[in-house]
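In each ligand, atom 1 is the first atom listed, and ligand 1 is the first ligand listed.
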Amino acid sequence: MRSASDLDVKGKRVLVRCDLNVPLDEGRITDDGRIRASLPLLQDLTSRGARVIVMAHLGRPKGRVDPALSLKPVADRLQELLPDCTVRGSHQVVGEHAEHLVDVTQPGDIGLLENVRFDLRETSKDDTERGALADELAAMADLYVDDAFGAVHRKHASVYDVAQRLEHAAGPLVMAEVGVLERLEKDPGRPYVVVLGGSKVSDKIGVIEALLPQVDQVLVGGGMCFTFLAAQGHDVGSSLLEDQLLEQCRTLLGSGKVVLPVDVVAATGFAADAEHDVVAADAIPADRMGLDIGPRSVELFAGHLREARTVFWNGPMGVFEMAPFAEGTRGVAEAVAAVRGLSVVGGGDSAAAVRALGIDESRFGHISTGGGASLEHLEGKQLPGLEVLA
Ligand code: ADP
Ligand code: MG
């Protein structure tokens, strides 16, 4: 994979795919982490005299123009963060106004095209449709750089098809993510422990299956632990349960590498003010739902993490968004941060949990910006956006 730093960009129109998919609250950016993460590439290109044209998506507008998902607030924030260059936005993805934006973008300036998912062709399953959009995008540029790691597992026009049409390279975020994932995959320090949580087993069963042969232990918390507990024959009350996966969970338990919680925080309902107690994981009352792992489980997991030399953590241990159910995630996050060796955090909600709990991000070896993409990479799948950059 060629790095963007090796491209001769002076005076060239460089089309850059960024991940600027930030959370918004009534048009206000609530966490600009992804914008900040994109700055190193943008600063490098502008300082070398490139005419930078950025494309990105925001939310899921499903191919229709939705003013609430306009990239305008993102353009404004980029301008604040990059006071030394001019940042202009467009209300179009492609078309006359988009072309005009490119024309007025001088060397050292940035033009931000409108939310690329406003165009139905971006996410189309039809190669010809995506190709038509990619043709229009490619016609506006000389070079293509992909720095949107969070989207490399998508066969989308701005990720896949446009790279086939222009001389291309990977940005520093993509290079860094791939470098870390390859370290996990090729020769991890042992013991290699994976911590998985989040809401659904069905989201992650593929990754557990693919990782089991490579890792020494998988510690399972979050909503997904209840299907495993049920597979062992325990009653899990009204906790999240995916019946159709019981058999598969039983098979995975047979590996002897899966470690389950020994206690959970069981609540009367899915609410911050619900009554709750710590109960043994094999004695969850019928009318209670498990919303976090308990303190003895945190100790158990932390014990394994102390021995580990490589750790990959994806998925919160509980409903950390509600204070009474955040302690399991906090305890495990602390234990992952203390790992002697490589610690990698993957997943949007896991990264958000680290920030929300006020844990210093620099204590982790790497925090991945793209949850789905990292998991698919670890599963050994070919990612379209990386294949085209090779
Ligand atoms: P990531 O984005 O890091 O990959 P996921 O999207 O898989 O993580 O899961 C995050 C969500 O899982 C959080 O919103 C959290 O509230 C939820 N969750 C964690 N534990 C439970 C639980 N016991 N019951 C219900 N939801 C849970
Ligand atoms: Mg998530």
Worksheet item: Using a distance-only test with no angle check, is there a side-chain donor-acceptor pair under 3.5 angstrom linking Glu182 and His377?
Response: no

Worksheet item: When you measure from atom 24 (N) of ligand 1 to each heavy atom in Val345, Leu196, Val319, which option holds the nearest one?
Response: Val319

Worksheet item: atom 12 (O) of ligand 1: which protein heavy atom is closest, and how many Å away?
Response: Ser199 N, 3.2 Å

Item to complete: Say whether Glu177 and Ser368, considering side chains only, have a donor N or O and an acceptor N or O under 3.5 Å apart.
Response: yes

Response to the item:
Residue, atom and distance of the protein heavy atom nearest atom 21 (C) of ligand 1 read Gly223 N, 3.3 Å

Worksheet item: Just distances here: any N/O of Phe270 and N/O of ligand 1 closer than 3.5 Å?
Response: no

Discussion item. Pairing donors with acceptors under 3.5 angstrom, does anything connect the side chains of Gln248 and Glu209?
Written reply: yes

Discussion item. Salt bridge or not between Arg121 and Asp126? Use side-chain N to carboxylate O under 4.0 Å.
Written reply: no

Item to complete: Would you kindly specify which portion of Lys200 sits under 4.0 Å from ligand 1, judged on non-hydrogen atoms: side chain, backbone, both or neither?
Response: neither

Worksheet item: With a 4.0 Å cut-off on heavy atoms, does Gly290 reach ligand 1?
Response: yes

Worksheet item: Taking the six-membered ring for Trp, are the ring centroids of His57 and Phe118 within less than 6.0 Å of each other?
Response: no

Worksheet item: Considering only protein heavy atoms, which is closest to atom 19 (C) of ligand 1, and at what distance to one decimal place?
Response: Gly318 O, 3.2 Å

Worksheet item: If you measure from each heavy atom of Phe226 to ligand 1, is any distance below 4.0 Å?
Response: yes

Worksheet item: For the Mg ion (ligand 2), what is the closest N, O or S atom on Asp349?
Response: OD2

Item to complete: Begin from the C-alpha positions of Arg165 and Asp135 and carry the test salt bridge (charged side-chain N to carboxylate O under 4.0 Å, His left out) through to its verdict.
Response: CA-CA 7 Å; Arg165 288 162 169 77; Asp135 283 338; 2.6 Å; yes

Worksheet item: What's the shortest distance from atom 9 (O) of ligand 1 to any protein heavy atom, and which residue and atom give it?
Response: Gly198 CA, 3.2 Å

Worksheet item: For ligand 1, is there an N or O atom under 3.5 Å from any N or O atom of Asp349?
Response: yes

Discussion item. Can you tell me which portion of Lys204 lies within the under-4.0 Å heavy-atom range of ligand 1? Options are side chain, backbone, both, or neither.
Written reply: side chain

Discussion item. With a 6.0 Å cut-off (strictly less than), is the heavy-atom count around NE2 of His97, excluding the residue itself, greater than 12?
Written reply: yes

Discussion item. Which residue and atom name correspond to the protein heavy atom nearest atom 14 (O) of ligand 1, and how close is it?
Written reply: Glu321 OE2, 2.5 Å

Worksheet item: Do Ser158 and Glu122 get their side chains close enough for a donor-acceptor pair, meaning under 3.5 Å?
Response: yes

Response to the item:
Heavy-atom proximity to atom 3 (O) of ligand 1 ranks first, among Pro261, Ser350, Gly315, for Ser350

Worksheet item: Does the side chain of Thr105 pick up a donor-acceptor pair with the side chain of Arg51 at under 3.5 Å?
Response: no

Discussion item. For the residue pair Thr268 / Glu275, report whether a side-chain donor-acceptor contact shorter than 3.5 Å exists.
Written reply: no

Worksheet item: Does the side chain of Asp360 pick up a donor-acceptor pair with the side chain of Ser362 at under 3.5 Å?
Response: yes

Worksheet item: Of all the heavy atoms in Met322, does at least one lie under 4.0 Å from an atom in ligand 1?
Response: no

Discussion item. Contact between ligand 1 and Asp203 is defined here as a heavy atom of the residue under 4.0 Å from a ligand atom; is it met?
Written reply: no

Discussion item. Considering non-hydrogen atoms of the protein only, which is the closest contact for atom 4 (O) of ligand 1, and what is the distance?
Written reply: Asn314 ND2, 3.2 Å

